[in-house]
Amino acid sequence: MAPTQRHRWFALPDSRSRRRTAGLVHFALDTARDDFERRHPGVRFGPVVAVVAAYEEEENIGAVLKSMPTLLGDLEVSTLVVVDGGGDDTAQVAIDAGVYTCVLPVNLGQGAALRLGYELASAHGARYVVTLDGDGQNDPAEMASMLEPLLDDTADFVIASRRMGTDGTTDRFRRAGVRIYASLLNAIIKQQLTDSSNGYRAFRVEVLEDIAPHLIQDQYQTAEVVITASGRGWRITQRPTEWHPRESGISKKGGNLIFGLAYARVILTTWARVTLGNRQRR
Ligand SMILES: Nc1nc2c(ncn2[C@@H]2O[C@H](COP(=O)(O)OP(=O)(O)OP(=O)(O)O)[C@@H](O)[C@H]2O)c(=O)[nH]1
Ligand SMILES: [Mg+2]
């Protein structure tokens, strides 16, 4: 039977620029997947995969990769750097460090780069995935502590907390933002997280496989991941860690006001999406 026109009253006209952008994003992702397969044919990762999304971090990422563990207990750790486009030598630094490297031809944003990392980790044998920044703010030596709740089976998803540990930031607005957004997020998802915007996280791979189809944020992705995982019933816990000042360069997330507004928008829109999705499923 031909589809009725009734439900098309409120549909927006199809936009060529939206189609073009979607097509280019697909093209960039496919190019990066091909690049990865060519660089690492038939790879099988260790059970722990550390995923680092890096955009123009040539000055910082070498030190991060040097301190990456290769074994935690009897679990082998593989490091995967997803180079998020950019015009510097981040990719070469990662390749020279001997880690798995996947290079996006253009900058798609941290959220998109991480989603590609989750996909590759899951496809090539990861059981646990740890994400951390390439700018030196997270300490790879704390990875064992991050994984502990997963290995003890007391949680499915672990978030680092600079508030329970040490916060080396000198920016008091950022420090206040961490508290304000954690409170807002806790109020809506009924958790007691102290640092929900921390990018240092450890997951069972099943959590990522479950939430990945629901993730759309390209930049301010930490809140989206927490709200989605919580809404889908995964157990979340936190671990004290140390937050170091950026090794060099500046945050690419914009000034504090822009960062703050964009982050609040992500919290509210993701919450609306997850709540609506859950209602429709019931
Ligand atoms: N900002 C930004 N970061 C990206 C992007 N793609 C990958 N990243 C990486 O994501 C990590 C976090 O980015 P930062 O700009 O340091 O943002 P942040 O750590 O959340 O915030 P700061 O506290 O300001 O450093 C770094 O390792 C970046 O290299 C991108 O498009 N934009
Ligand atoms: Mg940073």
Side-chain angles (χ1 to χ4, degrees), residues 25 28-29 32 50-65 67-68 79-94 97 99 101-118 120 129-140 159-163 165-182 185 195-201 215-226 241-264 266-267:
V25 168
L29 288 168
V51 176
V52 183
Y55 172 58
E56 302 201 333
E57 298 287 4
E58 66 176 6
E59 306 265 320
N60 305 316
I61 198 162
V64 175
L65 298 179
S67 46
M68 209 62 95
T79 297
L80 168 64
V81 175
V82 181
V83 180
D84 190 19
D88 73 353
D89 276 339
T90 300
Q92 198 53 51
V93 175
V99 299
T101 310
C102 175
V103 185
L104 281 157
V106 289
N107 177 245
L108 294 186
Q110 187 194 14
L114 283 172
R115 286 197 294 279
L116 180 58
Y118 306 152
L120 293 174
V129 174
V130 180
T131 64
L132 66 166
D133 287 2
D135 56 8
Q137 287 175 319
N138 310 131
D139 185 354
I159 311 178
S161 171
R162 62 197 115 178
R163 284 176 59 201
T166 318
D167 187 353
T169 185
T170 48
D171 185 332
R172 61 200 164 93
F173 291 104
R174 275 295 171 91
R175 206 187 281 243
V178 166
R179 284 170 186 272
I180 292 165
Y181 290 120
L185 201 127
D195 190 2
S196 42
S197 49
N198 204 311
Y200 199 3
R201 301 161 300 183
L215 303 179
I216 57 170
Q217 292 301 329
D218 291 339
Q219 200 55 281
Y220 305 95
Q221 45 79 41
T222 49
E224 180 184 50
V225 168
V226 177
T241 55
E242 185 165 357
W243 185 261
H244 299 270
R246 222 173 201 285
E247 282 289 322
S248 78
I250 51 159
S251 164
K252 295 141 200 137
K253 294 237 162 92
N256 286 336
L257 185 63
I258 299 297
F259 194 163
L261 289 174
Y263 204 83
V266 170
I267 294 182

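Here, residue 1 is the first one in the sequence, and each next residue gets the next number. Order of appearance sets the numbers: ligands from 1, and atoms from 1 within every ligand. Source: prediction; values computed, not measured. Note that these values count all heavy atoms, side chains included, but never hydrogens, waters or copies made by symmetry.
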Backbone of Gln217 reached by a side-chain donor or acceptor of Arg115 within 3.5 Å: yes
Contact (N/O only, under 3.5 Å) between Gln110 and ligand 1: yes
Check: His244 and Glu242 side chains under 4.5 Å, non-hydrogen atoms: yes
Closest contact, heavy atoms only, Leu104 versus Ala28: CD2-O, 3.8 Å
Under 3.5 Å: N/O of Leu108 near N/O of ligand 1: no
For Asp84, the ligand 1 atoms whose distance to one of its heavy atoms is below 4.0 Å: 5 (C), 6 (N), 7 (C), 30 (C), 31 (O)
Any Gly199 heavy atom less than 4.0 Å to ligand 1: no
Lys/Arg-Asp/Glu bridge criterion (N-O < 4.0 Å) met for Asp195, Arg162: yes
Residue-ligand contact Gln219/ligand 1, heavy atom below 4.0 Å: yes
N, O or S of Asp133 under 2.8 Å from the Mg ion (ligand 2): no
Heavy-atom pair with the smallest gap, counting every atom of Asp139 and Tyr200: O-OH, 2.9 Å
Mode of Asp133 contact toward ligand 1 - side chain, backbone, both, neither (heavy atoms, under 4.0 Å): both
Proximal ligand 1 atoms for Arg174, defined as those under 4.0 Å from one of its heavy atoms: 21 (O), 22 (P), 23 (O), 24 (O)
Nitrogen or oxygen atoms of Gly134 and ligand 1 under 3.5 Å apart: yes
Shortest heavy-atom approach to atom 8 (N) of ligand 1 - which of Tyr55, Tyr200, Tyr220, Trp243: Tyr55
For ligand 1, the portion of Gln137 having any non-hydrogen atom under 4.0 Å away: side chain
Closest approach of Arg201 to Leu114 (non-hydrogen atoms, all atoms of both residues): NH2-CD1, 3.5 Å
Identity of the N, O or S atom of Asp135 lying closest to the Mg ion (ligand 2): OD2
Part of Thr222 with heavy atoms under 4.0 Å of ligand 1, whether side chain, backbone, both or neither: neither
Modelled atom types, side-chain donor and acceptor of Asp167 and Thr169, under 3.5 Å: no
Interfacing atoms of ligand 1 (cut-off 4.0 Å, heavy-atom, Glu57): 26 (C), 27 (O), 28 (C), 29 (O)
Verdict with reasoning, Asn107 to Asp84, per side chain to side chain donor-acceptor pair (under 3.5 Å): CA-CA 5 Å; Asn107 177 245; Asp84 190 19; 2.8 Å; yes
Mutual orientation of the aromatic rings belonging to Tyr181 and Tyr263 [parallel < 30°, tilted 30-60°, perpendicular > 60°]: tilted
Ala113 to ligand 1, any heavy atom closer than 4.0 Å: no
Proximal atoms of ligand 1 relative to Asn107 (non-hydrogen, under 4.0 Å): 30 (C), 31 (O)
Beyond-backbone contact of Thr166 with Trp243, side-chain heavy atoms, under 4.5 angstrom: no
